[in-house]
2 protein chains.
Amino acid sequence: MTNDPFRQELLNISETDPAVDRLVEQTIGRVADKWTMLLIEILTNRECCRFGELSKACEGISQKMLTQTLRALERDGLVTRTVYPVVPPKVEYRLTDLGLGLSKAFCGVWIWAEENLERVEQARKEYVERKKDDGTVR
Amino acid sequence: MTNDPFRQELLNISETDPAVDRLVEQTIGRVADKWTMLLIEILTNRECCRFGELSKACEGISQKMLTQTLRALERDGLVTRTVYPVVPPKVEYRLTDLGLGLSKAFCGVWIWAEENLERVEQARKEYVERKKDDGTVR
DNA sequence: CAGTATCCTATTTGATACTG
DNA sequence: CAGTATCAAATAGGATACTG
């Protein structure tokens with residue numbers, strides 16, 4: 001199992017410098033959240049979006065969270081925000097190269113989620129069953 | 001730009017069925033969080049860990065969050081929890097195949113974070129500068 | 001050792017109303 | 001249209017004490 005090629009492939013990710021580790025974790029912390037991933041996916045597919053479009057495409061998000069998440073993305077250099085001085089206002093968002101790179105990185109996670117949806121669901125059902133049959137923690 | 005090979009590669013991820021999309025998003029929502037990613041990384045590198053080891057390795061996590069996150073991972077079929085009936089108790093956690101697959105998917109995100117740390121930091125500094133120079137939202 | 005239980009605070013999120 | 005502001009509710013998270 002230790003020689004599992006998967007695992008071997010994964011082993012060299014970890015940093016030697018703990019300070020860098022903290023920074024990596026911080027970066028992950030900023031970027032690894034549901035709305036961020038969703039917005040980046042939408043912007044990957046649509047190339048360029050107005051606020052209202054994002055609001056519709058990103059089903060379930062509140063205006064507040066949308067604004068907040070977009071600001072964070074802009075601040076971190078992942079999307080650009082272009083304001084056209086017209087009435088009514090028009091604002092366009094699009095991925096930067098940096099954002100496109102992150103999108104590519106997220107890609108694997110989306111695929112994993114799609115492919116393993118049922119396995120996770122199944123595991124949850126079994127877990128609940130085991131808990132119902134009760135306490136033999138095994 | 002539309003013919004960007006990156007983007008082309010990314011385009012076919014999106015589902016056609018909106019119901020499946022919701023499920024994918026839910027799955028992402030469960031799995032895309034800081035502690036989950038960290039614990040999975042640790043368990044990838046160490047293969048097998050006791051509660052106390054994880055507690056040390058996962059710097060900054062509280063006992064409560066550790067327990068909570070581990071239970072969620074177990075429930076979703078990503079780790080196994082093995083209790084040895086000894087005194088004092090010994091409990092071992094290790095990734096399942098499903099968990100190892102997720103680990104592999106996360107791998108790209110970790111690498112992205114490592115490689116683009118400074119670019120994100122730089123973007124943040126510039127953003128703050130722009131805000132200080134004030135309101136020409138550009 | 002590996003938790004659980006409890007209390008409490010802080011952060012996140014949503015709903016609603018308002019504005020350039 | 002694309003937000004901001006405000007308040008309330010929910011949730012996350014930490015600290016501490018206790019247990020098989």
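Just so you know, these numbers come straight off a predicted model, no measurement behind them. Reckoned from all heavy atoms, side chains included, excluding hydrogens, waters and symmetry mates.
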If you pin B/F51 and B/K64 to their nearest nucleotides in DNA chain C, which one's is more 5'?
-> B/F51
Please tell me which of A/Q68 and A/P88 maps to the more 5' nucleotide of DNA chain C, matching each residue to the nucleotide holding its nearest heavy atom.
-> A/Q68
Measure the shortest side-chain to side-chain distance between A/I40 and A/V79 over non-hydrogen atoms and say whether it is less than 4.5 angstrom.
-> no
Mark yes when over 12 heavy atoms from residues, nucleotides or ligands other than B/E53 sit less than 6.0 Å from its CD; otherwise mark no.
-> yes
Once you apply the 3.5 Å cut-off to both distances, tell me the Watson-Crick or G-U wobble partner of C/dC8, or none.
-> D/dG13
Under 4.0 Å between any heavy atoms, over every strand shown, what does B/Y93 touch: base, sugar-phosphate, or nothing? Just pick one.
->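 Sugar-phosphate contact only.
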Salt-bridge contact B/E25-B/R22 (side-chain N to carboxylate O under 4.0 Å) = yes
Side chain A/S103, main chain A/G99, donor-acceptor under 3.5 Å | no
Quick check: does any side chain N or O of B/D17 sit under 3.5 Å from a backbone N or O of B/A19, one acting as donor and the other as acceptor?
-> yes
Would you mind telling me which of A/E126, A/E118, A/K125 makes a side chain to side chain donor-acceptor pair (under 3.5 Å) with A/Q122?
->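 When side chain to side chain donor-acceptor pair (under 3.5 Å) is applied between A/Q122 and each of A/E126, A/E118, A/K125, only A/E126 qualifies.
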What integer distance in Å separates B/L38:CG from D/dG13:P?
->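 B/L38 atom CG is separated from D/dG13 atom P by 13 Å.
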Nearest whole angstrom, please: distance from the C1' of D/dT11 to the CH2 of B/W35.
->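 Rounding to the nearest Å, CH2 of B/W35 and C1' of D/dT11 are 17 Å apart.
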Bounds of contact between DNA chain C and chain A, in 5' to 3' order, using a heavy-atom cut-off under 4.0 Å =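 Contact boundaries, 5' end first: C/dT13 to C/dG20.
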